[in-house]
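Just so it is clear, the values below take in all heavy atoms, side chains as well, and ignore hydrogens, waters and symmetry mates. A note on names: the letters A, B, ... follow the listed sequences, proteins ahead of strands, and every chain is numbered from 1.
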2 protein chains.
Amino acid sequence: MIHELTTKQQQVLDAIREFQAQNGYPPTIRELAEMFGQSSTAGIHKMLTILRDKGHLIKDDRKSRSLGIVDPHDLTADRIRSLPILGHVQAGMPQLAYEEKEGDMFIDSEWAGHSDSFLLRVRGLSMIDAGIRDGDILVVQRAESCRNGDIIIALLDDEATVKRFYKEHDRLRLQPENQTMQPIYVERDYPNFHIIGLVRGLLRKF
Amino acid sequence: MIHELTTKQQQVLDAIREFQAQNGYPPTIRELAEMFGQSSTAGIHKMLTILRDKGHLIKDDRKSRSLGIVDPHDLTADRIRSLPILGHVQAGMPQLAYEEKEGDMFIDSEWAGHSDSFLLRVRGLSMIDAGIRDGDILVVQRAESCRNGDIIIALLDDEATVKRFYKEHDRLRLQPENQTMQPIYVERDYPNFHIIGLVRGLLRKF
DNA sequence: TTTAAATATGATCATTTGTTTACCTATATT
DNA sequence: AATATAGGTAAACAAATGATCATATTTAAA
C-alpha cells in the first residue's frame, strides 16, 4: 500500500522526522522550504500532498504544523508500556491499590498490549516447579475469566495467590506447582473468590 | 526550581500533554480554549505565560503549535533500550552474529543500561533448577570476565552454553543447574573457551 | 525526440494563530 | 474595606502559515 519514494521525497520525509525529534513538534512548510534552500513554499506543499497520497504522511489541511510521519519503523511509542510494579495485590478489587506501587517499569507492549496490565512481585514458592521463583516479577493482564491450565492471580478470602487454574465438575482447583504443596479447592460461586488477572510474562533480575 | 501549580494550571498542562500524545503535535491556544469551553484565547494565553515562567512549559513566541512540556517524569527515552533477540550465539566472537536475529524487543534500561547487551533465547534444560527454562529469553550483558557464581554465556569449542561459573584451583567449572547433568571442566588458558557475557535478567512469555 | 512527471520559482490570497488591550468576576489575603 | 491574584470575556490586530496559480527547469520514461 505504501508506494515507493523518490530520493527527494525521502529526504523531505527524513527532514520532517528529524525536526520532530529535535523540537517536539513538526515543521511548517516554510521551515521545510528553507531547510532545502528553496525560496518558494509551493514545491514543498506539492510534495507534501504527494507524500500524503502515497500514504507516508498524515497532513491535516489548513492546520499549521500538523504533519505526522507514517513510519512502520518508528513504532517505539506503540510498542512500549509503562507498568506499575505492585508489591502485592490487595482486597477491594477490582480497583488495584496503586498506593502499594514499588515503582514503574517499561516493557514491550507484546506483553501489555491489551487492556490494563500491571507487574506483580512474587512472594513464596508455590510455583517453583513452573520456574516462577520468589522475587520474580509477573506481567499480569487484568481479566475476570480464564481457561483451564492458565496461570492466574486470584484473590481468595482477601489473600492473593499465584496458581494454575482448573475448572472441575463442581469446583475450581487452584494448583500450585510445588511438589510439597497441595491444591486448593474452591466451590463454584464461592463469593470471596475473584480472578484478578492472567499471568502473561515473567521478568527476573539477576 | 519548578514551582507549584494550581489545579487549573495542572489541567492545562495535562491537556497539552494529552493532545500531544494523541495527535503528535501540540495544540493551538484556540484549541486549548475550546477544550476548556472558553470563548476567549486570552485566558489560556495568560496561563501559558505563567506556566512558562514557572518552568513547566517551553513556548516559542509567535510560533504556532510550539508548546513543549517540561516533564521530569518523561524520562522515557533514557529508560528504554531496544535489544536484538538472537536465536543462538555463534562462533566468530567477539562480534555477535546479528544475522541470526529473531527480532527486537524493548526493555527497561535497568537491565541494559551499561555497555551493549542482547537477548538470547535459551535452548535446553541445563539451567532448569535455576528457574531458567527452554524458550526463555535471557538478558545478556557483554563481558569478558566474571565472578564466581555468576550465570554466564560461554563459548566452548564453538558451542554456546548457559552455565554457572566457578573458578577452581587450576581449572574452571561450568556448573549446570540440572540434577541430571554433570559439570564441565575447562583448563585455564584453554584457547577455545570464551566468556560472551553475563546473564542479567530473564524474560518469559506465557 | 517527445512526453510526462517531478521539482522549483514568485507572487498572491485566505486562513489560522499568537498577541494585546480593556474590561469583568470570583476568591483569598491584608 | 481595600488589595492582590487567578481566571475569564470580547474585540481587534499583526504575524505566521497553508493554499493556489501561472510558469519555468530538470529528470525520467515512452
Side-chain angles (χ1 to χ4, degrees), chain A residues 1-70, chain B residues 1-70:
Chain A
M1 184 55 59
I2 288 192
H3 302 59
E4 287 305 312
L5 296 181
T6 67
T7 45
K8 193 73 194 190
Q9 289 166 357
Q10 187 62 57
Q11 284 174 10
V12 171
L13 213 54
D14 290 342
I16 296 172
R17 197 201 326 277
E18 171 94 10
F19 188 101
Q20 169 78 59
Q22 197 76 33
N23 300 281
Y25 50 85
T28 64
I29 294 182
R30 276 177 181 76
E31 283 165 343
L32 280 171
E34 194 176 4
M35 286 182 221
F36 288 92
Q38 297 178 195
S39 61
S40 171
T41 61
I44 296 289
H45 182 270
K46 203 177 293 180
M47 211 174 317
L48 293 183
T49 306
I50 295 173
L51 284 170
R52 182 185 56 187
D53 292 345
K54 287 189 177 177
H56 291 263
L57 197 66
I58 297 173
K59 177 184 180 305
D60 286 355
D61 281 354
R62 285 155 212 287
K63 264 188 171 182
S64 72
R65 301 185 190 275
S66 66
L67 306 176
I69 302 279
V70 177
Chain B
M1 183 57 59
I2 288 190
H3 302 60
E4 285 307 311
L5 296 181
T6 67
T7 45
K8 193 74 195 190
Q9 289 165 359
Q10 187 62 56
Q11 284 174 10
V12 172
L13 212 53
D14 290 343
I16 296 172
R17 196 199 330 274
E18 172 95 9
F19 188 102
Q20 168 77 60
Q22 196 78 30
N23 300 280
Y25 50 85
T28 64
I29 293 182
R30 277 177 181 76
E31 283 165 343
L32 280 171
E34 194 176 3
M35 286 181 222
F36 288 92
Q38 297 178 193
S39 61
S40 171
T41 60
I44 296 289
H45 182 268
K46 209 178 294 181
M47 215 173 316
L48 294 183
T49 306
I50 294 173
L51 284 169
R52 183 184 54 187
D53 292 345
K54 287 189 177 179
H56 290 263
L57 197 66
I58 296 172
K59 177 183 182 303
D60 285 356
D61 281 354
R62 282 154 212 288
K63 267 189 169 179
S64 72
R65 300 185 191 278
S66 65
L67 305 176
I69 303 278
V70 176

### Message
On DNA chain C, does the nearest nucleotide to A:G43 precede the nearest nucleotide to A:R30 from the 5' side, or the other way round? Give the residue.
### Response
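First, find each residue's nearest nucleotide; the 5'-ward one identifies A:G43.
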
### Query
Which residue lies toward the 5' end of DNA chain C, A:K8 or A:T41, if each is placed at its nearest nucleotide?
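It is A:K8 whose nearest nucleotide is closer to the 5' end.
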
From [atom1] of [X] over to [atom2] of [N], roughly how many Å is that when rounded to an integer?
X: A:Y25; N: C:dG18; atom1: OH; atom2: P; result: 12 Å
X: B:L32; N: C:dT16; atom1: CG; atom2: P; result: 17 Å
X: A:I29; N: C:dT17; atom1: CD1; atom2: P; result: 13 Å
X: A:I50; N: C:dA8; atom1: CD1; atom2: C1'; result: 12 Å
X: A:L48; N: C:dT7; atom1: CG; atom2: P; result: 12 Å
X: B:K46; N: C:dT21; atom1: NZ; atom2: P; result: 11 Å
X: B:Q38; N: C:dT25; atom1: CD; atom2: P; result: 17 Å
X: A:H45; N: C:dA14; atom1: NE2; atom2: P; result: 16 Å

### Message
I want to verify a distance call: between C:dA6, C:dT17, D:dT9, whose nearest atom is closest to the B:S39 side chain?
### Response
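Selected nucleotide (nearest to the side chain): D:dT9.
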
### Message
Taking the minimum atom-to-atom distance to the side chain of A:D61, which one of D:dA19, C:dA6, D:dG7 wins?
### Response
D:dA19

### Task
Kindly say whether, by distance alone, the side chain of B:S40 makes a donor-acceptor pair under 3.5 Å with the base of D:dA10?
yes

### Query
B:E31 versus A:K63: any side-chain heavy-atom pair under 4.5 Å?
yes

### Query
Does the side chain of B:P27 come within less than 4.5 Å of B:I16's, by heavy atoms?
yes

#### Entry: Residues A:K59, A:D61: salt bridge by 4.0 Å N-O rule
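Judged by the 4.0 Å cut-off on N to carboxylate O distance, A:K59 and A:D61 do form a salt bridge.
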
### B:Q11 CD: over 12 foreign heavy atoms closer than 6.0 Å
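Result for CD/B:Q11: enclosed.
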
### Message
Looking at D:dT17, I'd like to know if its phosphate oxygens (OP1 or OP2) sit under 4.0 Å from a side-chain N or O belonging to B:S64.
### Response
yes

### Task
Would you indicate, yes or no, if C:dT17 has its OP1 or OP2 atom less than 4.0 angstrom from a side-chain nitrogen or oxygen of B:R65?
yes

### Message
Using a heavy-atom cut-off of 4.0 Å across all strands, would you classify B:K63 as base, sugar-phosphate, or nothing?
### Response
sugar-phosphate

### Query
Between A:R52 (side chain) and A:I58 (backbone), is there a donor-acceptor pair under 3.5 Å?
no

